[in-house]
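A quick write-up on the structure given underneath.
Here, residue 1 is the first one in the sequence, and each next residue gets the next number. The analysis underlying the following values was restricted to heavy atoms, covering all of them including side chains, and did not include hydrogens, waters or symmetry mates.
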Amino acid sequence: MMRGEALIAYRSLLRATRKSFAGDTLMLNGSASEVRKKFEENRHVTSDTEIQKLLDEAREASQFISTMIVQAKLNDRGGYEVKLDKEHAGETLELPSEASLKKSA
């Protein structure tokens with residue numbers, strides 16, 4: 001049963017990253033690689049308590065990615081735009097400044 005839960009958590013994380021990083025190949029590949037790496041690192045965990053803890057962390061990560069990560073896109077005016085989805089409603093988002101976005105680009 002835990003194996004099925006792990007697969008559900010894995011797929012949920014990948015779905016969350018695909019949605020949050022749509023159109024950003026670098027982030028899509030990096031996040032998928034990181035998710036895979038974390039699950040592989042814990043493949044041989046046998047303690048039910050530890051497995052449950054890891055599954056809870058995976059669910060929290062999926063929720064966090066879905067609700068707290070929003071990508072700003074450069075618009076044709078040279079500024080950045082953020083489009084929030086219904087998943088972000090009620091969440092407190094910290095938007096980066098234009099200066100910090102330009103530094104990271």
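Residue Ser33 holds its OG atom at 11.0 Å from NZ of Lys38, rounded to the nearest 0.5 Å. Arg11 contributes atom CZ, which lies 10.0 Å from atom CZ of Arg18 (distance to the nearest 0.5 angstrom). For the atom pair NZ (Lys19) and CD1 (Ile65), the distance works out to 13.5 Å, reported to the nearest 0.5 Å.
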>> Show, in sequence, the C-alpha distance, side-chain angles and deciding distance for Phe39 and Leu13, and conclude whether the side chain to side chain contact (heavy atoms under 4.5 Å, CB included) test is met.
In response: CA-CA 11 Å; Phe39 273 79; Leu13 269 167; 3.7 Å; yes

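Between the side chain of Thr17 and the backbone N or O of Leu14 there is at least one donor-acceptor pair closer than 3.5 Å. Between the side chain of Ser31 and the main chain of Leu28, a donor-acceptor pair closer than 3.5 Å is present. Side chain of Asn42 to main chain of Val45: no donor-acceptor pair is present (N/O by atom type, distance under 3.5 Å, no hydrogens or angles).
Clustering ILVMFWY residues whenever any of their side-chain heavy atoms sit less than 4.5 angstrom apart, transitively, puts Leu7 in a cluster other than the one holding Val35. By the rule that hydrophobic residues join a cluster once side-chain heavy atoms approach within less than 4.5 Å of another member, Ile8 and Leu54 end up as members of separate clusters.
Contacts classified as side-chain hydrogen bond (donor to acceptor under 3.5 Å, both in side chains) and involving residues 52-62 (residues at least two apart or in different chains) are given here: Glu5-Arg59, Ser12-Ser62, Gln52-Asp56, Asp56-Arg59.
For the pair Lys37 and Glu34, the salt-bridge criterion is met [side-chain N within less than 4.0 Å of a carboxylate O].
The shortest side-chain heavy-atom distance between Phe21 and Leu26 does not fall under the 4.5 Å cut-off.
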